[in-house]
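Accompanying notes for the structure given below.
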Amino acid sequence: MFRKLKDQYFILSSIVFLMFFLVLINLIKLQIVDYDVYSKKTQSYLSSTEIIPAPRGKILDRYGRPIVSNRLGFSVAFSDGNLSSDELNDLILNTVSLFNQNDDAYVDTFPIVYENGTYIFKYSNYTGTDLETKVRNTKFALGISDNFDAVQCMEALKEKFNVDKRYSAEQIRDIIAVRYEMYVRSFSSANPFKFSSDVSIQTVSAIEENTELYKGLKVSSSPVRDYVHGNMAAHILGRVGIIYQEEYEELKNEGYGLNSVIGKDGMEKILEKQIKGTDGKRSVVLSVGSDPQITETPAIPGNNAMLTIDIDLQRVAEEALMNTIESIKANSHTKADNSGSDVGGGAVVVQDVETGEILAMANYPTFNPDTFNADYPILSKDKSNPLLNRAISGAYPPGSVFKMVTTIAALEEKVVDDTTIIDDKGKYEYYDQTFNCWIYTDTGTTHGAMNAANALKNSCNYYYYEVGKRIGVDKLVQYGKKMNLGEKTGIELEGEVSGVLASEEYKKMNFDEVWYPGDTLQMAIGQSYNLFTPIQLAGYTATIANRGKIYQPYISKCVRDSSNGEIISETKPKLKDSIEISDSTYNAVTLGMRLVSYDGTASSVFGNYPIETCSKTGSAQINGGSANGVFVSYAPYNNPKIAISIIIESAGSGSVTAPIAKAIYDEYFKLTPRATGDEYVRDNLLIQ
């Protein structure tokens with residue numbers, strides 16, 4: 001009996017001891033091992049911190065007029081980190097469906113899509129090694145084997161995020177794409193995931209009116225970028241967007257959070273650190289028996305940036321470019337050869353001759369930064385390539401506008417002088433080859449006796465064949481390089497290409513062919529392998545206008561403190577280089593360009609123009625289509641102020657682009673009063 005009681009006591013004691021031990025282990029786990037985890041959970045119930053986004057600084061034109069400002073918009077974030085996987089997945093699917101229904105853009109950087117009945121790796125316009133890098137980084141972030149294909153990745157992620165089979169393949173992809181964003185951005189109740197930073201009122205209303213369906217979403221107001229003039233200057237300004245994981249890793253030590261909005265391209269990106277501002281913070285702490293303690297640090301707006309752009313000149317350049325392209329297209333049927341029916345896009349650059357400042361940079365077609373994310377699927381597939389900044393990223397044959405280089409080289413190297421006469425005989429015979437002057441091909445006639453100025457005025461190929469033969473390819477290359485042709489200008493914007501200055505080395509390296517004497521003749525008239533950007537041609541024209549001075553082109557004028565207007569940083573004109581041009585050479589070249597406007601291929605536009613302009617047209621032949629239209633100009637003749645370059649793809653000829661330059665000159669020299677009668681402000685001392 002006693003032994004039985006003793007055994008029962010031992011069992012009871014053991015049970016009590018075991019329970020005590022389990023409680024002790026659990027306490028150790030709660031208070032020591034998992035202290036950080038549960039401390040954060042407890043704090044999330046007792047306190048909350050909300051980031052107050054700082055307004056980005058305004059972007060202004062050269063006279064202080066807003067081009068980019070801010071407006072109050074709505075953002076949507078996933079804020080409840082305590083939902084079950086099923087609840088969260090359903091919420092994601094409901095939210096994605098709502099956003100798609102209302103054409104609202106949201107964050108999606110997941111590089112897997114569902115196409116043609118299977119999952120494949122694909123992201124935006126990434127291809128080749130760029131796509132491979134994006135996929136590799138995504139796999140690494142998610143802890144997925146680098147050997148997995150897209151289908152295997154999706155299987156692994158369905159298990160990782162508990163996505164069950166009741167969803168369709170497309171729905172599974174959408175859910176996992178958002179779960180991926182949440183994962184890499186450390187989503188929790190204490191760290192909400194900003195799904196979209198600029199949401200339509202339709203979407204906001206639907207969320208507010210269906211709280212049960214969208215439980216776990218938070219709508220808040222925040223400053224949103226406002227591109228005052230819509231799509232104007234889009235390629236200059238760029239756009240903003242929520243920070244990507246890769247960007248956050250680079251910027252996390254500079255005051256950026258996982259929900260920060262940053263500049264993605266254009267001047268929004270270039271000026272990011274100057275105009276981003278400093279976010280504020282609002283903290284609420286709850287204590288038992290006490291009122292909530294609220295601490296708030298206000299956001300500090302970013303600094304304002306002034307560009308060199310004149311928004312009036314920019315508007316005129318863009319409208320004239322668009323109207324001219326549409327006019328070429330509409331009237332192409334009236335031409336016997338249907339020239340211009342295949343007209344494409346174009347670009348215009350206007351540069352201050354005396355400083356290098358870019359006064360306007362127009363592209364057509366273009367896009368709207370306000371709706372970029374929503375429009376991207378269409379923009380990326382548009383064959384007219386509206387996302388391409390043709391002014392700095394488009395490289396084109398210069399055609400006859402290269403003849404100023406040939407003229408300067410020939411005169412400076414004294415193979416001819418400004419009085420040398422070369423008689424155009426129509427056909428130029430060289431090494432058993434025949435090269436026709438354009439007028440002989442078109443009409444069977446010739447230009448007759450040509451000196452340097454008249455050869456430039458008439459764009460006489462025969463003259464340039466002869467001087468090209470006399471001077472040789474090496475000197476043409478030397479003077480082309482002096483003019484910075486075929487080299488990047490160093491403009492602040494990303495994406496500038498160098499183009500090509502034709503040479504023996506280039507042909508050998510790229511085509512494994514020798515340079516023939518006929519190549520030199522073709523180069524002398526602007527054909528051959530030459531490919532230049534519109535911004536290079538604007539700088540080249542400005543260099544001629546100011547007698548050989550080469551100024552560094554730039555767009556960022558200064559940055560001002562948003563609170564007091566004081567200048568924080570400023571770009572000063574920089575003389576980058578110079579080329580020696582004698583007075584006789586300068587006079588011959590500028591006279592020839594003046595004659596092009598007064599009595600040559602641009603005379604129908606500028607023959608009776610009140611401002612004396614200097615110009616050169618070019619019709620650059622391309623394979624399988626109408627010639628590109630190229631036009632360069634500066635004015636006034638005796639006191640140059642601005643230089644203009646224009647290129648329109650497959651325009652048919654350079655002369656059809658001249659009306660664009662006229663519209664720009666009309667605006668710059670104020671020859672056409674505004675319809676509103678507003679006063680022009682050019683010398684506002686407060687905003688210079």
After noting the C-alpha distance and the side-chain angles of Asp198 and Arg71, does the key distance pass the salt bridge (charged side-chain N to carboxylate O under 4.0 Å, His left out) rule?
-> CA-CA 10 Å; Asp198 188 13; Arg71 57 180 169 80; 2.7 Å; yes

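- No side-chain donor-acceptor contact under 3.5 Å links Tyr256 and Glu247.
- Of all heavy-atom pairs between Val224 and Ser197, the closest is CG2-O, 3.5 Å.
- Across every non-hydrogen atom of Glu496 and Ser393, the tightest pair is N-OG, 4.3 Å.
- The distance from the CD1 atom of Ile262 to the CD atom of Glu250 is 9.0 Å, given to the nearest 0.5 Å.
- Side chains of Glu208 and Ser205: a donor-acceptor N/O pair is absent below 3.5 angstrom, by distance only.
- Looking at Glu319 and Tyr364, their side chains never bring a donor and an acceptor atom within 3.5 Å of each other.
- Ser200 and Asp104 form a side-chain donor-acceptor contact under 3.5 Å, judged by distance and modelled atom types alone.
- One distance of note links CZ of Arg390 with CE of Met361; it measures 14.0 Å at 0.5 Å rounding.
- Taking NZ from Lys194 and CD from Glu181, the interatomic distance works out to 14.0 Å, rounded to the nearest 0.5 Å.
- Other residues, nucleotides and ligands contribute at most 12 non-hydrogen atoms within 6.0 Å of the NZ atom of Lys58.
- Ion pairing between Lys269 and Asp265 fails under the 4.0 Å rule for side-chain N and carboxylate O.
- Residues Phe367 and Tyr376 place their aromatic rings such that the two centres sit no closer than 6.0 Å.
- The side-chain hydrogen bond (donor to acceptor under 3.5 Å, both in side chains) test applied to Thr211 returns no partner, not counting sequence neighbours.
- No hydrogens or angles considered: nothing links the side chains of Asp86 and Ser84 as a donor-acceptor pair under 3.5 Å.
- Between Ile243 and Leu258 the shortest heavy-atom distance is CG2-O, 3.5 Å.
- Listed by chain and number, the residues in a salt bridge (charged side-chain N to carboxylate O under 4.0 Å, His left out) with Glu115 are Lys122 (sequence neighbours excluded).
- Side-chain polar atoms of Thr203 and Asn102 form a donor-acceptor pair below 3.5 angstrom.
- A salt bridge is defined here as a Lys NZ or Arg NE, NH1 or NH2 lying under 4.0 Å from an Asp or Glu carboxylate O, and Arg315 with Asp61 fails to meet this definition.
- Each of Phe187, Phe78, Tyr214 was checked for a ring-ring contact (aromatic ring centres under 6.0 Å, His included) with Phe195, and the lone residue meeting it is Phe78.
- In summary, the side chains of Tyr123 and Asp108 do not present any donor paired with an acceptor at a separation below 3.5 Å, with no hydrogens or angles considered.
- The residues Lys215 and Glu212 are annotated as not salt-bridged, no charged nitrogen and carboxylate oxygen being separated by less than 4.0 angstrom.
- Closest heavy-atom contact between Arg239 and Tyr227: CA-OH, 3.4 Å.
- The shortest non-hydrogen separation linking Gly57 to Arg225 is O-NH2, 2.7 Å.
- In this model, a donor atom of one side chain and an acceptor atom of the other lie less than 3.5 Å apart for Asn389 and Asn363.
- Tyr180 does not carry Lys160 over the face of its six-membered ring by the limits of under 6.0 Å from the centre and within 45° of the normal.
- Nearest heavy atom pair, residue Arg173 against residue Val113, reads NE-CA, 4.1 Å.
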